[in-house]
Amino acid sequence: MTTLDNDARTDILNRLKRAEGQLRGIQRMIEAGEPCQPVAVQMSAVRKALDSTWLRMVRCLMAQELNERLGAPDTDDAAAPASAASTPEVVDAVLDQMEAMLGKLR
């Protein structure tokens with residue numbers, strides 16, 4: 001399965017690039033002999049960034065799966081039944097709740 005949503009893909013890639021930069025900074029800190037406490041603080045920041053990225057990826061995966069399994073219509077499909085038109089909104093609401101719950105578990 002691929003990341004089909006361009007906004008989600010861009011968001012995930014940007015988050016990963018930011019975490020990558022933070023990791024490089026940590027490497028430089030260790031090479032320079034920085035004290036452990038500031039290094040640990042930066043490691044914590046990277047963990048939070050990766051947790052946030054993971055949540056975004058899970059949301060993307062769940063959106064794809066739910067839309068596929070619920071048969072969400074294409075936005076251009078004028079012949080779709082009215083009840084199916086609300087599927088994207090229902091999926092978004094479920095994903096918002098799921099993301100909030102997962103965020104509390106971290």
Side-chain angles (χ1 to χ4, degrees):
M1 178 162 273
T2 60
T3 309
L4 301 175
D5 180 358
N6 285 333
D7 291 337
R9 183 177 331 149
T10 300
D11 181 44
I12 290 166
L13 284 172
N14 286 340
R15 290 170 185 260
L16 288 173
K17 289 175 184 178
R18 193 173 311 122
E20 179 183 24
Q22 288 175 306
L23 284 171
R24 285 191 184 132
I26 291 169
Q27 290 170 348
R28 283 191 298 271
M29 291 173 76
I30 293 171
E31 288 169 352
E34 294 279 334
C36 291
Q37 197 267 342
V39 173
V41 168
Q42 290 304 309
M43 285 182 170
S44 177
V46 171
R47 283 186 61 210
K48 288 179 185 176
L50 289 175
D51 283 348
S52 174
T53 305
W54 176 80
L55 257 179
R56 184 64 176 109
M57 192 68 195
V58 169
R59 181 184 174 96
C60 180
L61 171 66
M62 297 221 24
Q64 288 177 2
E65 288 294 319
L66 287 170
N67 283 320
E68 182 179 316
R69 293 172 195 270
L70 293 173
D74 293 334
T75 53
D76 297 334
D77 189 359
S83 62
S86 66
T87 301
E89 290 82 16
V90 171
V91 168
D92 282 342
V94 169
L95 292 174
D96 287 343
Q97 291 176 348
M98 183 258 337
E99 187 173 5
M101 288 189 306
L102 284 175
K104 291 177 184 176
L105 294 174
R106 292 186 283 142

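If you read the sequence from its start, that first residue is 1, and numbering goes on from there. When reading the values below, keep in mind they use all heavy atoms of this one structure, side chains included, and skip hydrogens, waters and symmetry mates.
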Between Asp11 and Arg15, is there a side-chain N and carboxylate O pair less than 4.0 Å apart?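 A salt bridge is present here (some side-chain N lies under 4.0 Å from a carboxylate O).
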
Indicate the atoms forming the closest heavy-atom contact of [X] with [Y], along with that distance.
{"X": "Asp92", "Y": "Arg59", "value": "O-NH2, 3.9 Å"}
{"X": "Val39", "Y": "Met29", "value": "N-CE, 3.7 Å"}
{"X": "Val46", "Y": "Ala19", "value": "CG2-O, 4.4 Å"}
{"X": "Ala49", "Y": "Gln22", "value": "CB-OE1, 3.7 Å"}

Under 4.5 Å between side-chain heavy atoms, hopping through other hydrophobics if needed: is there a path connecting Met62 to Val94? yes

State the [atom1]-[atom2] distance between [X] and [Y], to the nearest 0.5 angstrom.
{"X": "Lys17", "Y": "Thr53", "atom1": "NZ", "atom2": "OG1", "value": "12.5 Å"}
{"X": "Leu50", "Y": "Glu20", "atom1": "CG", "atom2": "CD", "value": "11.0 Å"}
{"X": "Leu16", "Y": "Arg56", "atom1": "CG", "atom2": "CZ", "value": "12.0 Å"}
{"X": "Cys60", "Y": "Glu65", "atom1": "SG", "atom2": "CD", "value": "10.5 Å"}
{"X": "Leu95", "Y": "Leu55", "atom1": "CG", "atom2": "CG", "value": "11.5 Å"}
{"X": "Leu23", "Y": "Arg28", "atom1": "CG", "atom2": "CZ", "value": "10.5 Å"}

Between the side chain of Thr10 and the main-chain N/O of Asn6, is any donor-acceptor distance below 3.5 Å? yes

